[in-house]
Structure formats: structure tokens, C-alpha cells
Amino acid sequence: MTEALTGEDRVALFARMLLMRRFEEMIIHVAQDNTDIGRNHLYIGHEATGAAVAQVLQPGDLAHTTHRNHGHLIARGADPGKALAEIMGRAGGLNQGRGGTWHLTDREAGFRSTSAMVGGSIGLSIGSGYALRELGTDNVAVAFFGDGVLDEGISYEALNFASQYDLPVLFVCENNEREGAHETSRLAASRLTDVPRALGIEVATVDGHDADAVAARTAELLVTVRGGRPVFLESQLERWPGSHQVKPEFVTGVTDLSHAWDPAAISGEHAGWIRDFDPILRFARTLLDDGTASREEIAAIDARTIETMAAARAFAEASPYPDPEAAAHDVFAERSAADA
Amino acid sequence: MTEALTGEDRVALFARMLLMRRFEEMIIHVAQDNTDIGRNHLYIGHEATGAAVAQVLQPGDLAHTTHRNHGHLIARGADPGKALAEIMGRAGGLNQGRGGTWHLTDREAGFRSTSAMVGGSIGLSIGSGYALRELGTDNVAVAFFGDGVLDEGISYEALNFASQYDLPVLFVCENNEREGAHETSRLAASRLTDVPRALGIEVATVDGHDADAVAARTAELLVTVRGGRPVFLESQLERWPGSHQVKPEFVTGVTDLSHAWDPAAISGEHAGWIRDFDPILRFARTLLDDGTASREEIAAIDARTIETMAAARAFAEASPYPDPEAAAHDVFAERSAADA
Amino acid sequence: MPRKSYAQAMLDAILAAFESDPTTRVIGPSFAQGRGAPETQEAFFKTYGARIMQPPISEGVTAALGAGAAMAGLRPFVNFGTSTFAFEAWNQIVNEAANAHFMSGGQVTVPVIYHMFAGIRGGGGVQHSQSPQSMYANCPGLKLVLPASPADIQGLIATAFRSPDPTVIINHTKLMGLEGDVPEGDVAIPFGQAEVKREGADVTLVATSLMVQRALDAADQLAGDGVKAEVVDPRTIVPLDRETIIASAAKTGRLVVVDEAAATCSIAAEIIASVAEAGVALTAPPVRVTRPDTPVGFSPALERAAEPNVEGIAGAIRRVMG
Amino acid sequence: MPRKSYAQAMLDAILAAFESDPTTRVIGPSFAQGRGAPETQEAFFKTYGARIMQPPISEGVTAALGAGAAMAGLRPFVNFGTSTFAFEAWNQIVNEAANAHFMSGGQVTVPVIYHMFAGIRGGGGVQHSQSPQSMYANCPGLKLVLPASPADIQGLIATAFRSPDPTVIINHTKLMGLEGDVPEGDVAIPFGQAEVKREGADVTLVATSLMVQRALDAADQLAGDGVKAEVVDPRTIVPLDRETIIASAAKTGRLVVVDEAAATCSIAAEIIASVAEAGVALTAPPVRVTRPDTPVGFSPALERAAEPNVEGIAGAIRRVMG
Ligand SMILES: Cc1ncc(C[n+]2csc(CCOP(=O)(O)OP(=O)(O)O)c2C)c(N)n1
Ligand SMILES: Cc1ncc(C[n+]2csc(CCOP(=O)(O)OP(=O)(O)O)c2C)c(N)n1
Ligand SMILES: [Mg+2]
Ligand SMILES: [Mg+2]
């Protein structure tokens, strides 16, 4: 299980990351054309983390995510058409239009409930970990969350609980906070990992722009988690310059994969982020450099991905809005005689 | 301010501790004679902590305490008669009979609100610290709380907040948990102080049975706190054997000060606790040993204390129950035309 | 029918669920507040210790654990002790557990039971005497159960353990010692079915939880004066059997509602409003008997002043009888 | 009278309090949700930066800070942003701030303002669209303010800053852009005084917050059909001006209540119950118009289905008009 990823795995991992990126770019396109999709928190720049973790998880592992969930869902196999339809509030969406961007949920892909409350995912993950253990499975729970979650007391309670009761939970903190900027968190600890460490949890830190590194480290850590101890992984990320926008904008432009082999062509205000921190371009470069994939193969993956997105958008746009009647459905799984 | 306590101070500190002890013993007597005082959490065994901290605080410093508050109130000068009347639900009580044992409050003594929620005092103390700073005073806030409070997320939030904003708060954790017993807490950290330390707060640990040590250490730490940084003090305590009782019982007997000079006379199931951990007997022994007080002086203090308690009980028992009308008073400080 | 205490019936129901369903768990085992059936409790711990967990004093994550574990295939019975402790888990209960089924488009169910003790219990003081039922009733997605008798608690817990939905069970501490007849065998009581606990033609008393017992006592007392009071216990507030309540009010033409929670936006207000909306022509204005909009003071004198009692209910009945 | 937006009026009221009272503080400064008056906000930050604090994402301790600081002599305006974030601080609000004055025997006052945005705001989804007003109304010790217009928000915030009691102010996000006349000078509006926002003889509409605007629109619409609707805005729910409401209902004989919160145990239920208890003889059964007992789905189609709207209110009026 901790064996290194094969070349094939790595190409699949790249394809997964690209799918996540093209999906978010599609959201920006839709937002530009459509005012009804609300406030989106895109996963751009985080792809290496979500994709690599997804790559080394096993079927049956349960994951919990946050307001910034699109990438996690797509990474674990949620249908992009249904995901987009959900973000557009359509009946054909993953959640039948009830959830929207903040709550994408796909049971098949291992997501039972997606909370947009800061601290939501980490709390629920304790329940998943407990249930998976009590049901005698070999599966684990994963909590994805941002650095801001460490501000909430429930994160501390969750870490303490998992440590106390040896729950099989992998905590994945995607830290996109700039040193001292206090954009999404205000933690007095000098490092995020000081908190789980104080609670007796094994911690690890990884460069979140490096897909290989995330995959390798996560695979290693999962051995411990499957063995019955929680682990805390901090993925260190440079914040995507677009991530503070209320309405997503193409601040870094549509990703141009040729920048992987032609960095000199990168330009604009955010050239630095694109060159140094875009995990997709970085992984493409690595795959090219170590001969795992050719430019043509990469271009072909991209072409297929772009086709997938076109089909997804066509599906979503053709999906109707939910029937107003549906507004009162599924409040309960079981209705009683007393329900109107 | 960090000068050692004078002999006079130390005798006053002893008198304060004895007052706290005799007060709790009186509660046991009342509970035995009276069924209406509810469930009490006595301060027996903790006296050195509350008394020594009170001794080195200054007028205007605000303190917050918990369900186990009697000792803290008495230590800072609350009237024993009014305190007992409150515990007995009488109109002459500190809170006019509205609070009872868990909520003793005395504004004059520096207590603004006493919460019985685990995590209540530590949260409110952040507000006191903030206000004292913003109002330009030189005063500090003190939060007294038990080890169980570290289970609650709000304690973590409070520590983080105080550290972030340099609030003048002294956190005093009275840890009466037995290693691994999980009687009042389940913290995965190997030491309680690991949590505040991870959040960048200076921590200290003291033997909670040693009044001199608590006073000296607290006085030192208060320099830092008055300077604008929070500090966390753990007072390590051996749990009083009676503290798990729903209804207080004399499991260790009425304190016999002669045990300080005649330990051979100590007997019974809990002789070990009395001999090794009773902070009152220990401090009495120290004062005798270093010549600060004589047996006669100690006996005289006790006699005065016992008289004070007799007067307190007489006052409380003579106090009427509140008028039923009072049940609806003081819901708001300001009533409006719309109030019935 | 065997006679047993409320505490015993509660434990028996949990025990039965544990016997028949291996996915059941108890999180927070101090569920009898030292108020009864110690032998059964001990036997329960002995047999099922591995399925019982004592959480840290961390109500937030404990509630989240219950919700998450329910989504993942367990049936947790999460016990908070005093209801105010669950205020620390408000977001996890009303915004996570309550919403997940709807929000996921029906993909997930959340069969968790949140159990708590509430009410003026004797010496609880301001922070331990609340009755949070109307706050929960205003949160869509939670079923809300207020059992008033040993038979009810046993039958309603049985249903809660089979329900796919998150269920809040609020027990009044003072009910724990109440004795009553409890049917043998499969005693599940469906949610949403009020019980007419006493029939009568002159006035309808709708009451919840401990107040059902008080209402029955008041009805007894008034029977001496020839007033025939009907006592209706909704048993579950969500779903609420408005039909039975409205039918009774229409029959008697007089309505008194008794609930221990603070008056404003209470279940008592809800029931009066429901009857008014149904266009039932009442002979006299309806009356609610609740705790006034005040915290509950510690002193026994203040508790007595705040607590709806038999005299107050009887007074309300006399008022509507004119 | 100057005309200004609700957001502007809100900021002006905070500014005025900051100018006159050095003990005022703002905790959580994102209080306009990017919805208005950016210049005033900027100027405010510039002048008063030292009295404004951005807390960590720690609602529990932030609420406790507000309560504790208020007890110790400050007047904090604590802003949670979306109302559901305050669910993380439920215990600190309903069990600490609300109780301290009573519990201490009146020794302490807690002049803290808890401010939050609520309601179906457009794309908020299940976890950001709640209307928690009835939950707060059921908690004794909290004053509860639902301002429906620029004049109201300015005048009610002015009062809140002078009040010795903990006050929850719930603003509907969709009101932020509403323009209206606001009196100059000292505009404090006392708590507990309903405003008859439109007079009429045929039917009483009691509405809160954004629903006041919807009720006014419905009244306009019905005026074309010759129906004269009276619109009563309680403005504060605690204290509640039942007198004005009851007098209006007695005058018109017809009652429709509009509030956006879920139906069961809502303010709408409270008002209907209060009128029924007062023995007002209505010509037709009263009707409440609320969100049904469901979470609010994300899709605009689902929002529209859940949100009380002008057509729904007009329909209810027609129903009571017979
Ligand atoms: C309980 C709660 N408080 C506040 C918010 C508002 N909020 C939404 S996202 C966010 C910042 C989260 O930061 P982080 O967890 O680091 O995630 P990021 O957006 O940086 O990925 C906040 C404060 C919320 N959703 N829930
Ligand atoms: C929020 C909350 N949860 C649970 C309780 C019940 N409770 C009262 S005291 C106590 C134990 C507290 O332990 P600790 O803080 O160590 O104080 P000690 O009694 O040991 O002095 C608990 C769990 C409570 N009062 N508040
Ligand atoms: Mg972040
Ligand atoms: Mg303890």
C-alpha cells in the first residue's frame, strides 16, 4: 500500500487534477454567464492535495469536506455534469438542487454530508471514523478542512476525541494562509501542527503543490490510520490569487498547459503564482521531465477533459430547476400520518 | 509585588484557608439537616490555590469561577452568611436566592457572573480581560476552572484568543484528576499545560497543596499578566475523597487542626489524604515549623472562624425565602411598557 | 401489564434495541442521572460495555460524532445529561444532523437519537432548569419526542431506534421515578399519534411531558366539581397530531394548554394557534399555562413560583369554564 | 428627512454610538456583508480602528467575550455575520448572557448587542438561510429586535446601545439595500412599541423584518380590490407590544401574520395565540404565512417555494376576507 505510484497511476493522478481544474474553470465561465450560482469557493491551486489523497484512498473510505469542496468530489469520481447541475441549482444535480456549491454530496463517491460550517467536516469525520471501526471495516475516514477550522473549538474537541479513542481518521488541513496575513485563520500557535501534536497525534507536513509528495506521504500515513491511530497532515499551500473573490474571476487566466514546458510565456500580474505554485503545471513538468508522459499525451488528456466539461455543461444546462413541490420533500426520510 | 509574603500575610492566608474549609464543613452540616440545598461541589482540598491566588490579587481584579466556587468567593471576601443564605435559597443570599450553590456571585468581591457550565468561567474571563485592558486599568482577569474545562472547545478558543490579543488573563486550572482515572476529564495531551503552551502561552505548574508555593508562583506570574500577556497556571491537586459524592459527606471528618502537630492521631479510611494532602494541615505545620505561628495562635484563629460560621448560619437560617413575586424580577435591568 | 418506573422503561427500551440491532450504540452512559433502575443499568453496562462510550466533556463533537456515525451506518443514542449541555452542540444538532437528509437530496439518513433531561428538577438553578422543546420544534428536520409516562418512553424510544431520522428526546427529570403500566412485547408507539389520556366533554387540556401528569391531577381535582376534562398528550411535537387536538377542542369548545417551557413562542402558543387557524369556535378564550418568560431561580420558593402546577392548571380550567 | 439605505442607517447608528460613548466596541467588523455604505464603513474603520476587533473564527468565545466585557463595563456590538454562525455560541448567548442579570440577583448588567444577518438571502443554501428569531424569543433574558426599515434600524440600534440588557438584533440580508426616510437627530426608538406602518380597517397584517415590506406590498395590491389592510410591525419581539396588535385585530376582526421563520413555534404562532387568548372575536380564522417546516434549498426555485411572498400574503388576506 505504501509502494510508490506507477507511471500509469501518476498519469491518472495528473488527469484527475486536470479534471478538477477544468471543472473550476467551467464554474467561472458559468458564473460569468449566470447570476444564480451564488458565492463559490474554488479549489484552484489545491488540486495536488485532493487528487493525491483521493488516489491513495480505498473504496469504502468516507471523506468529509467543506465550503471548498468541488475538487474533493470530482477527485473521488463525482460526475462533473451532476456536480455542475447542483452548483446551478438544477434538479439533475448531485443533491437535486438542494445543496448548491457549498454542499456537494455524492454517496457513491464516499461523501455522506458536506457542511459549509467552519468545523463541520472535522466533527462529522469523527462519527465516520467511529462507525467504520465499530462496523468492523478496514476503512478510514478523511476530514478535509482549511486552516480556519483550527480557530474553532470543535476542531480541538475532534482531535482530542480521535486521539483518546484511537479512531481511524486522517485529518487533512489545506493551509492556504499567508504567514501573519490572517486571511482565513488567527491561530496563536507557531505552527498549525502544534495543536494536534499537543494532543498526541502524529503530524506531518507536505508541500501541497507537489502531487508526488502528497501521494507518497499520505499513503504512508494511511498505514497508521488503518492501524487505528489518527494522523494529521498539513498541506502547505500558496493561496491562489483568485480565492478571495466573492464571485470567482479568471485572475490567473485559463490554465495553459504549454506553460509547463514554456514558462517564459507566462505573463501578467500573477505570473509568479502560475510559475511557482500551480500544482498542475508543476506536475506536468515533472511527468515530462522524468519521461512519464509526453507533451502529446498531456495535450490529449486535456482535450478529453475539455470534452468532458462540454458534456457536463450541456447536461447541467439541460437539467430543469426543481419542482417547487420538492421544496418540502425529504425533510424527513420517514413521513407520518401527522405530516400534512 | 513579587516580594515574599510577610509572616503577617502568611497568617492571614492561613486564616483565609481555614475560613474556606470551615465554610464547606458548615455546608455539609446544613446538607445533613436540610434537603433543599441541591448538589454541592465543595472546595475542600483546593484551599491553598484559591486563597493564595486571592491573597496576591489586587482590588479591581475580576475573577470568574465555576460550579466549585464557594472557596473562591469566600477567599476574596464574600460574606459567609450571605453565601450560605444563597446556598440555602434565601432572600438574604448573595444572589437573593436566585443562584444557589453553583452561581455564587459577589460584585464587591470581584465576581460578576458565576457559570456552572463547564467552560463558562474561561470564556467570560476573556471578556473581563479585554474590558480591563480597553478601559485602561492596570487590573487583570482570573479564570478559575477544573481540568474538565480543557475537554471543551471553548477553552481552546479562549486560550487562543487571549494569546492572539495579549489579554491580561491569568488562567488557573485546578487539576484534581487522577492520572488516567478520567473522573472529570479525558484529555489526550500528556500534560494539561501542553495545550496552552502550543498556543504560545507561558505555563507554570505548582503543587496545589502548598500555599506558600502557590502564592509565590502566582505573584510572579501576575507580573507578566499585568504586563499584558496571558499565563496558564496548573495547580496539581490530589482529589479530596469526598468530592465525587452527589450529596457532600464527611468522608474525611471535620478538620482537626491538632493533626497538624499530632499526625499520629490521624486515622480512618482516608488518613492518607488527611496526612499528605490536606493543604490546611500542611500549611499549619509549615507555619508552626518556621515559627510564624504558635499552636495557640492557630487555635485562636480557628475559634474565631468557628464563631464566624455560627453567626453565618444564624444569619442564613433567619433569612426568609424569596417572595414568589421575585421569580419574575430582574429578568431585564430595564423594563418597558410592553412588559406585563 | 407489568408495572414499572419511567427510568426502568427507558432502560428496557434501550436494552431491547441493543438486543435486536447490533448497530446501536450509547454515547454518554449516565442516562438515568442516578435516578433509577440501577440493577438494569449495571447489567446493561456489563453485557454491552463495548458498545457504550463515555465521551470527553465535548458536547459539540459528541453530537457531531452521533450524526456522522448515523450517516455511516450506526444508530447512536447520544445522551447529553442536562438539556443545557446540548446548547454547546446547537450547531451540530440543528444545522448538521437536522439538515443532512434534505440537503443531500435524500442521499443520506441520520438515524441518531439525541437524549436529554430537562425541566425544573429541584435545585437545578438557572442554568440547569431549562425546557428547550420549542427551540427544537422550530428546527425543521428534527423529530421531537416528549414522553410523559413509562409506557410512552418505552414505546417512543422503540420507535426512535427504528426511525431513519434524527430524533430529540426530552425527558423531564422529575418523571424518572413515575410508576405505570407498560405493555409487554413489541410496544413501539408511532410518532405523530397523540393519546387522549383521559376523556371528557367539557374542556380540552393539551399537555406535554411532566405537565401531562399535572393536567391529569388537575382533571381529577376538577372532576369533584363536575367538570369533565379531556387530557390530550401529543407525545411527539414533531410530527404533531394536530388532528386529534383540534377534534378534541372542537368537541369541548374549551382549551387549556400546559407546557413547562417559557411562554413566548412555546408549544403552548403553537397549539393555541393551530386550533385558532382551524377555525374551531371556542366558548371561551384559550389559556396557556407555562413557565413565565423568566429564568428559573434556584430557591425552592422561586422554582415553585415558576413551575406550572396543579392549582394553576385548575385555575385556568375554571377560567375557561366561566 | 434624509433618505438613506438600511445599511447606511445601520452604520450611522453605530457611528453615533461610537461618538457619544467611549465604552462602545465592535467585535467582528464585517457587518455590512459587502452590501452597502462602503465609504462610511471605511471612514468608521479609519476613525475607530482601535475600538474594532476581528476575532478568530471562534463564535463561542467571541460571544462569551461580548458578555464578559459587557459585565465589566464595555458596550460591545458583537457581529456574527450569518445567524447560523451564532449557533456555535448558543450556550454563551442563551445560557450566559441571557441569565447573568437575573442569576446574580441583579448585581450585574450585560449590555451586549449580538447582531446577525438572517433569512433567505439568495443562494445561501440550507445552512445559511435560517431565521432563528423564535428560538431567541423563547429564551427569557434576551431582548429581540427585528428592524424592518432604515428608520427602524437606526432608531433601534440607538436604543440597543443605551440598553442595559443583552440584545439580539436580527437583520434580514435582503433589507440592506432598502432606501427610506430616516429622522435626523436623536432617533432612538423605544423597545416594545409596535408601529402601525399602514392603517386600514379591514384586516390586520402583523409582519416582521423583511416581511413588513412584503406585507406593505400585498396591502398595496389588495387596496386595488378595495381591501384596506392595516400593517403592524412589532419591531421588537421581546418586549412584544401585544396591546397594539390586539387592538388592531379587534378593530379589523381579521388577522394574518407573516414571519419568515419555520412555522412551528414561530412568532406567527405566538401572535395568533396572543390574540386568541385576549378573546378577540375574529370574523374569520387567523392565518399565518411563514416558511413551511422545511430547510431552505439552494436552488432559486426552492428558495422561491419556501419564501413567503406577496402573492402568498395576498392569498391569505383574500382567505380571511372570505
Ligand atoms: C461556523 C462558521 N463561522 C464562519 C463561517 C464563514 N466562513 C466561511 S469560509 C470561512 C473561512 C474559512 O477558512 P478556511 O477554513 O481556512 O478555508 P479556506 O476558505 O481558506 O479554504 C469563514 C470564516 C462559516 N461558514 N461557519
Ligand atoms: C457544558 C457542560 N457540560 C457538562 C456539565 C456537567 N458537569 C458538571 S461538573 C462536571 C465535571 C467538571 O470537571 P472539572 O472541570 O475538572 O471540575 P471539578 O468538578 O473536578 O472541580 C461536569 C461534566 C456542565 N456543567 N456543563
Ligand atoms: Mg484557509
Ligand atoms: Mg476536575
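Every chain is numbered from 1 and lettered A, B, ... according to where its sequence line falls, protein lines coming before strand lines. Keep in mind that the numbers below use all heavy atoms, side chains included, and drop hydrogens, waters and symmetry copies.
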Over all atoms of both residues, closest heavy-atom pair of A:S128 and C:A72
CA-CB, 4.2 Å

Heavy atoms only: give me the nearest C:P55-A:F161 pair and the separation to one decimal.
CB-CE1, 3.7 Å

Any idea which heavy atoms bring C:T109 and A:A333 closest together, and the distance?
CG2-CB, 3.9 Å

Side chain, backbone, both or neither of C:P111 within contact of chain A (heavy atoms, under 4.5 Å)
neither

With a 4.5 angstrom heavy-atom cut-off, which part of A:A327 approaches chain C: side chain, backbone, both or neither?
backbone

Once you round to the nearest 0.5 Å, how far does CG of A:L135 lie from OG1 of C:T23?
7.5 Å

In residues 154-170 of chain C, which residues are in contact with chain A at a heavy-atom separation under 4.5 Å?
C:S163, C:P164, C:D165

Portion of C:V238 that has a non-hydrogen atom of chain A nearer than 4.5 angstrom
side chain

With a 4.5 angstrom heavy-atom cut-off, could you sort out which part of A:Y165 is near chain C: side chain, backbone, both or neither?
side chain

Between A:E134 and C:L74, the two heavy atoms sitting closest are CB-CD1, 4.0 Å

Less than 3.5 Å apart, which donor and acceptor atoms pair up between the side chains of residues 136-146 of chain A and the rest of the protein, not counting sequence neighbours?
unit_1, atom_1, unit_2, atom_2, d
A:T137, OG1, A:L132, O, 2.9
A:T137, OG1, A:N139, N, 3.1
A:N139, ND2, A:P59, O, 3.0
A:N139, ND2, A:D61, OD1, 2.5

Segment of C:A70 engaging chain A (4.5 angstrom heavy-atom cut-off)
neither

May I ask you to name which of C:A100, C:A98, C:P56 has the most heavy-atom pairs under 4.5 Å with chain A?
C:P56

Considering only heavy atoms, which portion of C:N95 lies under 4.5 Å from any heavy atom of chain A: side chain, backbone, both, or neither?
side chain

Measuring heavy-atom distances to chain A, does C:L142 have an atom under 4.5 Å in its side chain, in its backbone, in both, or in neither?
backbone

Per-residue tally against chain A (heavy atom, under 4.5 Å) across C:V112, C:I27, C:V61 peaks at C:V61

Nearest 0.5 Å, please: how far is CD1 in A:I154 from CD in C:Q92?
3.5 Å

N/O donor-acceptor pair under 3.5 Å between A:R98 side chain and C:F102 backbone
yes

Point-to-point distance, once rounded to the nearest 0.5 Å, from OG1 of C:T62 to CD of A:E157:
7.0 Å

Residue by residue, scan residues 101-108 of chain A and write down, ordered by number, those that have a heavy-atom distance under 4.5 Å to chain C; if none do, write 'none'.
A:H103, A:T105, A:D106, A:R107

For chain C, which residues of residues 64-96 of chain A have at least one non-hydrogen atom nearer than 4.5 Å to it?
A:L94, A:N95, A:Q96

Considering all heavy atoms of both residues, which atom of A:T114 and which atom of C:M103 are nearest to each other, and what is their separation?
O-CE, 3.3 Å

Checking C:E96 against chain A: side chain, backbone, both or neither under 4.5 Å from a heavy atom?
side chain

Value for CD (C:Q107) from OG (A:S113), rounded to nearest 0.5 Å, stands at 9.5 Å

Which atoms form the tightest heavy-atom contact between A:M117 and C:N91, and what is the distance?
CG-ND2, 3.4 Å

What distance separates A:Y130 OH from C:R25 CZ, expressed to the nearest 0.5 Å?
5.5 Å

Is it the case that more than 12 heavy atoms not belonging to C:E19 sit under 6.0 Å from its CD atom?
yes

